[in-house]
Amino acid sequence: MGVSCLNPARRVNSVGQVLCHPLQAAEIPMEQSTKDEREAMPEGESRQSTRHRRLFWNLRQRWKLLGLFEIDQEHEFYPLTCDLKQGLKQAIQESIHSDTTIALADEGYSAKITQGHEGFVMRTYAGPVFSHFRQSLGISEESFTKSLSCNEFYLQFISNSKSKADFFLTNDKRFFLKTQTKREAHFMLQILRRYIEHFQLYPHSLLVKILGVYSITYAQNKKKYFIIMQSVFFPDERITSRYDIKGCKVSRWTEPEPEGSRVLQVFKDCNFEGNVICLDQQRAWLLLQMELDASFLQQLNVIDYSLLVGFQPLHADEKNQSWSLANLIVRTKRSVNGAASPTASNTASVPGTVAGEEDTSERDQGGTGLMGSQEMTPANHIPMKKLKAQLSIVSDTSDIIAQNRRLLPNYKNALHVVDGPEQRYFIGIIDIFTVYGLRKRLEHLWKSVRYRGQEFSTVSPLYYSRRICHWVESHSV
């Protein structure tokens, strides 16, 4: 006897196509109950209910391998995601009308806004600070709201990490929503001022961009905290491989799916062997920025963070256009815009973005913009006066050098994109909430005995930061 899938979640591939769930069509054999279970099991509905629970558990175990699902009406998280969309839409609207003068003042960091809804309560933490930070990254509140509260379904990402957190992805794959423990959420708010200051010092930091901390509470239920962060792997349509790197070997292997599988996988350190990050002229920038970011996390006493690396082959026209005159002008403007700091003004003029990025990015993808294959002709060349005006902004390079800025690519999500001669790399540091406290120190002692002479994840913040920087140095050219 076989039973088909009870919850037919739909799988989504890397280009957003909905695929048939492999368990929908397959028949799943039922295991026989043990003797003890048969003796203890009541007749009728209880026996059938137990079978369904066991079947559902087995299916969930297999779902963990499949990666990405649409959270449609049949999904267990559908009611939650609907409430999140409604709550976030109103929360962001509230931030639009907030007092911008307190954004980076003490009042902004301690701000808490509670909004009641039918059946739940949404709370926003440090709203003015995160609103200001989003604008500094060139993310308008309108586009942020559009992604988070759109009519399309959220996506659920089931990773192979040990974390018990739930990961949701907006339908356009631009933003992640990740559930947090109370300790993690409070830790983020505790370090928020230093986090923002780090981006003021180093606008092109590789640290994940945390865009908000929220909580949602239902009647008689425990409060659920979550953060919103910008996806490092965006846009992901052409990414061919993804890696989660910690700089160690123990438990750092992901079994690849059979060749031809369309399952989205994130591989680990041991899978990376034989690969190299080929950056050529930008390698020196990457090594220094890794040192700066890792040193910052060391000061926070944080370990167990990951370096995400995605590979995307460059098209021939992209290689040719990277150093064209028109492209260099746009990249220069993007790289030095807001030269003082990414949070120095109330406008969205941060390095990594340009005015109208959402519109120009769409043209770039179509091949008719500055990143496309269209050649420069007398009809569309840049006037010399405009060229001189753009280049004049880099006359004083002291800030650029001190802040370790680079020439950003004319591409979406530029702060996490680094172009080499042949490949485009998506690079970012995530999972920055694990503090090296007493529990982790005891775990280090235990693993030192169990994995004697081997490299494992739980080490001191100083050793962790040096090790991951060494990994980048030894795996890049």
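No donor-acceptor distance shorter than 3.5 angstrom exists from the side chain of S306 to the backbone of L308, with no hydrogens or angles considered. Side chain of Q265 to main chain of E257: a donor-acceptor pair is present (N/O by atom type, distance under 3.5 Å, no hydrogens or angles). A donor-acceptor pair under 3.5 Å is formed between the side chain of D293 and the backbone N or O of L206. Judged by distance alone, the side chain of N413 and the main-chain N or O of P235 form no donor-acceptor pair under 3.5 Å. The backbone N or O of L279 lies less than 3.5 Å from no partner atom in the side chain of Q282, so there is not a single donor-acceptor pair. Formation of a donor-acceptor pair under 3.5 Å by the S143 side chain with backbone atoms of S140 is found in this model. Looking only at distances, a side-chain donor or acceptor of Y425 sits under 3.5 Å from a matching main-chain atom of C278. Put simply, the side chain of W253 never gets that close to the backbone of K268: no donor and acceptor are under 3.5 Å apart. Remark: the backbone N or O of I92 is paired with a side-chain donor or acceptor of S95 at under 3.5 angstrom.
Side-chain contact of T240 with Q312: a donor-acceptor pair under 3.5 Å is absent, judged by distance alone.
To the nearest 0.5 angstrom, L307 atom CG is 9.0 Å from I430 atom CD1. The distance from the NZ atom of K224 to the NZ atom of K182 is 15.0 Å, given to the nearest 0.5 Å. Note that CD1 of I191 and CD1 of I196 are 10.0 Å apart. Values are rounded to the nearest 0.5 Å. Atom CD of residue Q230 and atom CG of residue L137 lie 6.5 Å apart, to the nearest 0.5 angstrom. Here the straight-line distance linking atom CG of L314 with atom CZ of R238 works out to 7.0 Å at 0.5 Å rounding. With rounding to the nearest 0.5 Å, the separation of CE in M290 from CD1 in I429 is 4.5 Å.
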Verdict with reasoning, F175 to F144, per ring pair (Phe, Tyr, Trp, His ring centres under 6.0 Å): CA-CA 9 Å; F175 304 113; F144 193 55; 5.2 Å; yes
Derivation of the side chain to side chain contact (heavy atoms under 4.5 Å, CB included) call for R424 and F426: CA-CA 7 Å; R424 172 167 289 148; F426 293 77; 4.1 Å; yes
Test log, rule side chain to side chain contact (heavy atoms under 4.5 Å, CB included), inputs E318 and H315: CA-CA 5 Å; E318 292 172 325; H315 288 162; 3.6 Å; yes
Steps toward side chain to side chain contact (heavy atoms under 4.5 Å, CB included) verdict (N275, E273): CA-CA 6 Å; N275 290 306; E273 293 306 318; over 6 Å; no
Pair Q156-L68, side chain to side chain contact (heavy atoms under 4.5 Å, CB included): steps then yes or no: CA-CA 6 Å; Q156 182 187 16; L68 205 60; over 6 Å; no
Audit row: T170, Y154, side-chain hydrogen bond (donor to acceptor under 3.5 Å, both in side chains) steps and yes/no: CA-CA 5 Å; T170 56; Y154 277 179; over 6 Å; no
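Among all heavy-atom pairs drawn from F199 and V208, the shortest one is CZ-O, 4.3 Å. Listed here is the closest heavy atom pair of Y109 and V129: N-CG2, 3.6 Å. Taking all atoms of both residues into account, the shortest heavy-atom contact from N404 to W285 is O-NE1, 2.7 Å. When every heavy atom of P203 is checked against every heavy atom of L415, the shortest pair comes out as O-CD2, 3.8 Å. Of all heavy-atom pairs between Q115 and H117, the closest is O-CD2, 3.4 Å. Taking all atoms of both residues into account, the shortest heavy-atom contact from L408 to A414 is CD2-O, 3.7 Å.
Under a 4.0 Å N-O distance rule, the pair R193/D106 qualifies as a salt bridge. The pair K246-D269 fails the salt-bridge criterion, with no side-chain N (NZ, NE, NH1 or NH2) lying under 4.0 Å from an Asp/Glu carboxylate O. At a threshold of 4.0 Å, the pair D419-R406 does not count as salt-bridged, since none of the basic side-chain nitrogens sits closer than that to a carboxylate oxygen. A salt bridge links R252 to D244: at least one charged side-chain nitrogen sits closer than 4.0 Å to a carboxylate oxygen.
In this view, T114 and R123 satisfy the side-chain hydrogen bond (donor to acceptor under 3.5 Å, both in side chains) rule, not counting sequence neighbours.
Counting heavy atoms from C-beta outward, K178 and D431 have side chains that approach closer than 4.5 Å. In this structure the side chain of Q403 never reaches within 4.5 angstrom of the side chain of L201, judged on heavy atoms. Under the 4.5 Å side-chain criterion, counting only non-hydrogen atoms from C-beta, K209 is not in contact with M229. By the 4.5 Å heavy-atom criterion applied to side chains, I71 and L155 are not counted as neighbours. Using a 4.5 Å cut-off on side-chain heavy atoms (C-beta onward), I427 and H416 make no contact. Contact annotation: the side chain of V266 approaches that of F157 to within less than 4.5 Å [non-hydrogen atoms, C-beta and beyond]. Contact check for L211 versus I139: side-chain heavy atoms found under the 4.5 Å cut-off.
Of the options T124, I113, L177, I227, a side chain to side chain contact (heavy atoms under 4.5 Å, CB included) to Y214 is made by T124 and by none of the others.
You'll find the ring centres of F133 and Y195 inside the 6.0 Å limit. Aromatic ring centres of W471 and F272 lie closer together than 6.0 Å. Centroid-to-centroid, the aromatic rings of Y305 and Y464 come within less than 6.0 Å. Taking the six-membered ring wherever Trp is involved, the centroid distance between the rings of Y225 and H186 falls below 6.0 Å. Taking the six-membered ring where the residue is Trp, the centroids of F226 and F168 are separated by 6.0 Å or more.
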Taking only distance into account, with no hydrogens and no angle test, what donor-acceptor pairs under 3.5 Å do side-chain atoms of residues 79-90 form with protein atoms, sequence neighbours excluded?
unit_1 : atom_1 : unit_2 : atom_2 : d
T81    : OG1    : F77    : O      : 3.3
T81    : OG1    : Y78    : O      : 2.8
D83    : OD2    : Y218   : OH     : 2.6
K85    : NZ     : C150   : O      : 3.0
K85    : NZ     : E152   : O      : 2.5

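More than 12 heavy-atom neighbours from other residues, nucleotides or ligands sit within 6.0 angstrom of NZ on K223.
A cation-pi arrangement is present between R242 and F233 under the rule of less than 6.0 angstrom and at most 45 degrees off the ring axis.
In this structure, Y243 and F267 have tilted ring planes: the angle between them lies in the 30° to 60° band.
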